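What's counted below: heavy atoms across the whole structure, side chains too, no hydrogens, waters or symmetry copies. All residue numbers in this chain count up from 1 along the given sequence. None of these values were measured; they are calculated from a predicted model.
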Amino acid sequence: MSARLHTVAGLFHIAIEGTYMPMGHTATAEAGSGGLTATEHRLANGLRVVLSEDHLTPVAAVCLWYDVGSRHEVPGRTGLAHLFEHLMFQGSKQVHGNGHFELVQGAGGSLNGTTSFERTNYFETMPTHQLELALWLEADRMGSLLAALDEESMENQRDVVKNERRQRYDNVPYGTAFEKLTALAYPEGHPYHHTPIGSMADLDAATLEDARNFFRTYYAPNNAVLSVVGDIDPEQTLAWIEKYFGSIPGHDGKPAPRPGDLPEIIGEQLREVVEEEVPARALMAAYRLPHDGTRACDAADLALTVLGGGESSRLHNRLVRRDRTAVAAGFGLLRLAGAPSLGWLDVKTSGGVEVPQIEAAVDEELARFAAEGPTPEEMERAQAQLEREWLDRLGTVAGRADELCRYAVLFGDPQLALTAVDRVLAVTADEVREAAAAALRPDNRAVLVYEPLATEPSDTAEGDEEEEGADQ
């Protein structure tokens with residue numbers, strides 16, 4: 001799953017004829033866009049296309065976002081969006097088995113796909129002269145994947161996803177945190193209550209017909225945005241897109257996702273204590289924050305950056321440097337458009353420090369920040385950090401293609417990607433303080449406390465114990 005979380009490392013381990021119709025909207029280089037531009041087009045079957053020229057290097061990025069994620073799933077069939085991310089690499093009518101990987105990598109390109117609560121994406125970065133190949137591959141599986149989807153490929157990828165769950169969630173220290181905190185922060189029945197990985201029971205229960213219906217419903221051109229960024233000829237690129245995607249029929253049977261709105265404040269502190277084999281005690285918390293795409297969300301992002309965005313942040317300075325009660329302390333933002341975003345706190349304790357001591361210090365720092373707000377230096381540093389992250393994303397053709405798709409799918413306007421930093425830089429220190437005061441409070445968080453399992457006393461001699469420790 002794709003979510004930008006700065007500084008909370010380790011919490012998450014967490015892809016023929018017709019005519020195109022221009023949308024009548026061509027970007028110009030605006031202040032804050034760094035001179036970047038994008039043009040928008042729409043095929044007759046509903047596929048939205050965004051192109052952005054960049055002739056700095058002879059490569060091109062293809063990014064395809066489908067407007068489907070785990071929030072579109074129904075109870076009892078969680079994990080289908082992520083399962084389909086894998087199935088899309090298992091062959092289509094003209095590309096068998098692992099052929100998609102083999103053709104892209106054999107042409108000198110790279111590729112992958114990811115799934116989140118709100119979308120599934122597929123992407124390739126290719127040498128410019130291999131762009132047509134990437135477009136043909138994406139079109140072939142959009143238009144003909146069902147011709148190759150059978151019980152064998154279904155079972156194969158079901159096992160792959162279940163093994164991924166074991167490796168990233170069930171069998172690693174703190175691996176259950178994302179799933180547990182999400183389930184606490186969003187109530188039962190909420191579309192974001194479950195994570196994209198899905199449950200083992202639901203993965204086992206999914207049938208081939210479930211997968212086929214899922215594809216027919218969501219993997220249609222009118223439910224997708226295709227962006228191509230890099231060393232491209234726009235006219236030729238549009239001709240290829242029309243040639244390969246234009247005859248794929250749209251689908252009008254997509255149900256609306258279940259509403260994700262919730263009260264701004266949880267209204268109580270939700271809490272769970274987890275005893276597992278973890279190397280140290282940990283305090284993790286999720287705070288309910290404003291929806292992505294709002295000024296209030298940008299203000300919250302700046303607040304979290306000041307508080308926990310790196311080694312110069314308040315929480316790192318307090319807990320790791322000054323008190324030495326923690327070995328790591330971070331705060332990050334999971335931006336969500338269809339539900340309240342979440343601020344993720346992650347603190348790993350030092351030595352025998354107890355969690356209540358950490359929690360008291362965190363609450364003290366949050367209360368001080370809510371009362372005083374950021375200093376001018378902190379505000380400048382936080383805005384510079386978010387600006388650098390924005391530049392990093394748009395600085396590569398693959399990153400820019402992904403951002404253009406993101407803003408097109410979630411907010412209806414890919415041009416917003418080119419000026420996102422302007423909105424962050426326009427936020428004031430007072431707004432940052434108000435965002436923290438409104439949301440970073442004990443009655444607006446889900447808390448997860450990790451306690452290491454108690455170890456049994458050993459009869460082994462002291463010298464042998466020390467030797468075992470050294471071997472580890």
Show the numbers, then the answer: is there a side-chain contact (heavy atoms from CB on, under 4.5 Å) between Phe101 and Leu111?
CA-CA 7 Å; Phe101 277 102; Leu111 72 163; 3.6 Å; yes
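- In this view, Phe369 satisfies the ring pair (Phe, Tyr, Trp, His ring centres under 6.0 Å) rule with no residue, not counting sequence neighbours.
- In this structure Asp204 satisfies the salt bridge (Lys or Arg N to Asp or Glu O under 4.0 Å) test together with Lys162, sequence neighbours excluded.
- With sequence neighbours left out, Asp261 forms a salt bridge (Lys or Arg N to Asp or Glu O under 4.0 Å) with no residue at all.
- Looking only at atom types and distance, the side chain of Gln415 has a donor-acceptor partner in the side chain of Glu40 under 3.5 Å away.
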Hey, mind stepping through Thr114 and Phe123 against side-chain contact (heavy atoms from CB on, under 4.5 Å) and telling me if it holds?
CA-CA 9 Å; Thr114 68; Phe123 44 93; 4.2 Å; yes
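- Of the charged side-chain nitrogens involved, none lies within less than 4.0 Å of a carboxylate oxygen, so that Glu403 and Arg400 do not count as a salt-bridged pair.
- Of the N and O atoms on the side chains of Asn121 and Asp402, at least one donor lies less than 3.5 Å from an acceptor on the other residue.
- With hydrogens and angles left out, the side-chain atoms of Ser92 and Asp140 include a donor and acceptor closer than 3.5 Å.
- The aromatic rings of Phe214 and Tyr218 lie tilted to each other, with the angle between the two planes from 30° to 60°.
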Taking it one step at a time, do His41 and Thr39 satisfy side-chain hydrogen bond (donor to acceptor under 3.5 Å, both in side chains)?
CA-CA 7 Å; His41 315 269; Thr39 59; 3.1 Å; yes
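- Under 3.5 Å, the side chains of His86 and Glu164 contain a donor-acceptor pair of N or O atoms.
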Could you walk me through whether Gln269 and Asp443 pass side-chain hydrogen bond (donor to acceptor under 3.5 Å, both in side chains), step by step?
CA-CA 5 Å; Gln269 182 173 196; Asp443 66 344; over 6 Å; no
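- A salt bridge links Asp67 to Lys254: at least one charged side-chain nitrogen sits closer than 4.0 Å to a carboxylate oxygen.
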I would like to know whether Asp292 and Ser341 meet side-chain hydrogen bond (donor to acceptor under 3.5 Å, both in side chains); could you show each step before the answer?
CA-CA 7 Å; Asp292 191 15; Ser341 302; 5.8 Å; no
Under the side-chain hydrogen bond (donor to acceptor under 3.5 Å, both in side chains) criterion, do Arg216 and Asn213 qualify, and how do the steps go?
CA-CA 5 Å; Arg216 293 187 189 103; Asn213 288 335; 2.9 Å; yes
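- Taking 4.0 Å as the cut-off between side-chain N and carboxylate O, Asp298 and Arg335 count as a salt-bridged pair.
- Ring planes of Phe178 and Tyr169: tilted class, angle from 30 to 60°.
- Under the 30°/60° scheme for interplanar angles, the aromatic rings of Tyr450 and Tyr174 are found to stand perpendicular.
- No donor-acceptor pair under 3.5 Å is formed between the side chain of Arg48 and the backbone N or O of Cys405.
- Under the 3.5 Å distance criterion, with hydrogens and angles disregarded, no donor-acceptor pair is assigned to the side chains of Thr419 and Asp422.
- Heavy atoms from other residues, nucleotides or ligands lying under 6.0 Å from CD of Glu155 number more than 12.
- Taking 4.0 Å as the cut-off between side-chain N and carboxylate O, Glu268 and Arg445 do not count as a salt-bridged pair.
- Side chains of Gln105 and His100: no donor on one and acceptor on the other come within 3.5 Å.
- Between Arg165 and Asp170, at least one side-chain nitrogen of the basic residue sits less than 4.0 Å from a carboxylate oxygen of the acidic one, meeting the salt-bridge criterion.
- A salt bridge is absent between Arg158 and Glu152; no separation between the charged side-chain nitrogens and carboxylate oxygens falls under 4.0 Å.
- Note: Tyr186 and His193 fail the aromatic proximity criterion, with ring centroids not under 6.0 Å apart.
- Between the side chains of Glu85 and Thr115, at least one donor-acceptor pair of N or O atoms lies under 3.5 Å.
- Applying the side-chain hydrogen bond (donor to acceptor under 3.5 Å, both in side chains) test between Arg77 and each of Asp210, Thr207, Asp202 identifies Asp210 as the sole match.
- Salt-bridge check for Glu431 with Arg295: passed, with a basic side-chain N closer than 4.0 Å to an acidic carboxylate O.
- No option in Glu275, Glu451, Glu359, Glu276 other than Glu451 meets the salt bridge (Lys or Arg N to Asp or Glu O under 4.0 Å) test with Arg281.
- A salt bridge links Lys180 to Glu272: at least one charged side-chain nitrogen sits closer than 4.0 Å to a carboxylate oxygen.
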